[in-house]
Each structure stands twice: as C-alpha cells, then as structure tokens.
Amino acid sequence: MLPKKNKKYFLDTLPTHLYTRKMSFPLRIPSSLPLFSARINKIKMPQTSFSSKTQNPTTRNKNPGNENVNAGSKTELQVFVRKKKVEKNVEVTAKEDITEEHVQQKLCRPLDIEDFAYGKSCGYSWSTLPPDNWERVLEGIRKMRSSEDAPVDSMGCEKAGTSLPPKERRFAVLASSLLSSQTKDHVTHGAIQRLLQQDLLTPDAVDKAEEATIKSLIYPVGFYTRKAGNLKKIAKICLLKYGGDIPSTLEELLLLPGIGPKMAHLVMNVAWDNVQGICVDTHVHRICNRLGWVSRPGTKQKTSSPEETRESLQLWLPKEEWVPINPLLVGFGQTVCSPLRPRCGICIISEFCPSAFKEG
DNA sequence: ATCCAGGCGG
DNA sequence: CCGCCGGGAT
C-alpha cells in the first residue's frame, strides 16, 4: 500500500537504549524524498522535555507537539527522557498521493518509512548521529583498497557455486560459510572444490556420506572435525525441516550448529540477497572502534563484541553500505589497519582517525 | 613461539 | 567473559 496524501503514518518506538538517557538525535529527511514531511507528534511519558537545534537558532520551536521538519533539511532534536516507554513519537505525512511512478523514479521509497520507524537507516531515520567525516573516511578507504591487493579480493565464499542452480547454490554458500570461519579463503575454496567434485554439496549427499569422508575432504580447514559433524547435522536439518533447502530467515540460520551471527548475516546477504544486518567480523569490529564509529549505547566507550558493533553501526550507516562495508574494511584491516601495529604512516585517512598513531 | 578468528561451552 | 577448537602463516 502506497502512502496517501495527508494520511499520517506513525512511527513506533525508538530503540530502548536511545531514550533511556539524554541524547540528541538527528532527524534527516533527504532531499531525494521530498514527498513527506515529518513532525514530532507526541511522546507519552512523564518527565519529558524537548528542544530542537536547527541550523538557524531563531527557528527554535518551543512547542514540542508541532515540530515541522522540512524535507532536505537536517534538524537535530534533543530529547530528554527518563522513562522507558514511548508509544507514539513521530509521524510522517505524505504531501501528495504516492504512486508507483514516484517509486520507480526513486522520489519515494515507501519501505523507508518502516526503516525509519525502527530507527534503522536509509537516510530517513532516528539514529545516533553519524560520525563526522564518515563519507570522506569511507572514500579514503576505498581509494587505498583500490591500489592495495588484499587477500579478501581473490576469493570469497560469496562466489561459491555461482554456476549451480539456485537451491544447490544456496547450500553451497551455507557450506562455504561454515567452512570459511577461521580459515584462509583459498583453503576454504579448495575444500569446496573437493566436495563439489565428489558431488557432496547437496543436503542429500552430505546426509548419506560418512562423516570421516567429509572430514578428510575438507581438511585442512580450521576445526575440520567439528565442521564435518556440523555439516552433516546441517544437511539433516535442511532435509527434515526445509525440504532440502536452507533456512531463509536469520533466526532459523542461527539455530544451525556452527552458524553464528557473522555467518548468518553473510548467508542472508549472499544466498538470499536479503540484507538483514551488517556482517561484522573482527576486522569490522576493530576498525569501527578505532574510527570511533561505534560505541556502547549511550556512552563513548568502545563496543565489546561484534554483535554490539553491528547494532551500533546499523543505527547510522546508510543501508546501501551494509553489504560493501564488510569486504572494504576486511581488506583495509588486512593491508593497512592491522590488529597490531596498524600502519598509520601509510594511511591516508589518519587525519580523521582518533586512534591514529596511538597504538604500537 | 606466536598470531589469526568465529562459534560454542563452561 | 574466557579459553578452546586445529590447522597455516610468519
């Protein structure tokens, strides 16, 4: 259903941690979406006050219930909240009927409203403030990555079984993701090739094969004993619960043995072409923290786990970057921003990096 | 000898 | 939160 003129679309609750303490939020209506206006409707809770900081201080509006925000403008709202429950907070009004044509012309992306509601992204969001200069930083990393040759460029598990029919391809991607953790890409690739030659890349075949056979074929990937067992279990689960296909939701993928958050997001991205979240590994985790791009909710402390990094990063990074950010930062982490002794001397974005020349 | 790095169990 | 899993690379 496309939005209708003057109909109000309410945006539901903010993520809890955003309103449990004093924080400021950016409300961004990108100029590519001129067909909506947003206004602060109401926040149902005691002990709440509002103030807004716009580019021009004279536009300060003392009435929190009627804060109009122009499309294309960037207005920062400060929300002081003491209680946790927020029922309705923001509404978006369509300025005219939105048609298929608007969508085609990218004048409007109705789904963005939903993203907005959950504080996700797409430029149409409640979120933490994007870090200063993030676009320049990203551009600089791209530039460095285009000249340097990182291991991640040569082979990635996302290329697994590109020639296979969809269902087989998905299983190949899942198997490849499973094997690739803690393992160099060319080793993973070799193991997948051997499985492919033996026709052992379908749930059916894997289920029938001996675990020892699989184990010897995938050697020397990291933890091959456990992975051989997990692969068989996964094959069985695919057969019993998913008709020989792989699970199509994040939650179900996470239930598979040996599949954690990192791989589950990777599989959703690659096998299903369905971006549910950012694939965060230790490189992304480390670099985002060095750049000051993520922090523990409501603080300036570093995030303590890749999962926390993922949630923090998703709050501001535009969704178009969710997939490319991983190979970009992994390669950058392998060649320049290494875990120990990062090569800040050759890094062209060190001027923007709060951690530059601070370690090792 | 030490590091790498995702998932999992304690 | 910590240590282990089991190889390869350096």
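In what follows, chains are A, B, ... by sequence order, proteins preceding strands, each numbered from 1. A quick note: this is a predicted structure, and the numbers were derived from the prediction, not measured.
Rounded to whole Å, atom C1' of C/dC5 lies 14 Å from atom CG of A/L178. Distance CG (A/D185) to P (B/dG6): 11 Å, rounded to an integer number of Å. Whole-Å rounding puts the A/K184 NZ to C/dG6 P distance at 18 Å. Spacing between atom CD of A/Q182 and atom P of B/dG7 amounts to 7 Å, rounded to whole angstrom units. In this structure, CG of A/L266 is placed 16 Å from P of B/dA5, rounded to the nearest angstrom. If you measure from atom CZ of A/F223 to atom C1' of B/dG9, you get 14 Å, rounded to the nearest angstrom. In this structure, A/R226 places its CZ atom 14 Å from C1' of C/dG7, rounding to the nearest Å. Atom NZ of A/K302 is separated from atom P of C/dC1 by 16 Å (rounded to the nearest Å).
Considering A/D281, A/T303, A/T282 as possible partners of A/T309, the one that fulfils the side chain to side chain donor-acceptor pair (under 3.5 Å) test is A/T303.
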Please report the C-alpha distance between A/E135 and A/N133 in whole Å, then the side-chain angles of each, then the deciding distance to 0.1 Å, and finally whether the side-chain hydrogen bond (donor to acceptor under 3.5 Å, both in side chains) criterion is met. CA-CA 5 Å; A/E135 284 154 307; A/N133 298 313; over 6 Å; no

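Here the closest heavy-atom approach between residue A/R290 and residue A/P342 is recorded as NH1-CB, 3.5 Å. The shortest heavy-atom contact between A/G333 and A/P339 is O-CD, 4.3 Å. Between A/I287 and A/C337, the closest heavy-atom pair is CG1-SG, 3.9 Å.
Among C/dG8, C/dG6, B/dA5, the nucleotide with an atom closest to any side-chain atom of A/P220 is C/dG8. Listed nucleotides: C/dG7, B/dC4, B/dA5. Nearest to the side chain of A/L340: B/dC4. Nearest nucleotide to the side chain of A/Y224, out of C/dG7, C/dC5, C/dA9: C/dG7. Checked against B/dG6, B/dG7, B/dA5, the side chain of A/P339 finds its nearest nucleotide in B/dA5.
Each of A/I259 and A/R286 has a nearest nucleotide on DNA chain B; the 5'-most of these lies closest to A/R286.
Between C/dG8 and B/dC8, the distance separating the two P atoms is 23 Å to the nearest Å. Taking atom C1' in both B/dG7 and C/dA9, one finds a spacing of 22 Å when rounded to whole Å.
Contacts of A/L256 with the nucleic acid, taken as non-hydrogen atoms under 4.0 Å apart, involve only primed sugar atoms and P, OP1 or OP2. Across all strands, A/P306 comes closer than 4.0 Å to no nucleic acid atom at all (heavy-atom distances). Counting any heavy atom pair closer than 4.0 Å across all strands shown, A/G258 reaches sugar-phosphate atoms only and no base atom. Residue contacts for A/N230: at a heavy-atom cut-off of 4.0 Å it reaches no nucleic acid atom on any strand shown.
Using a 4.0 Å cut-off, no side-chain N or O of A/T183 falls inside it from OP1 or OP2 of C/dG8.
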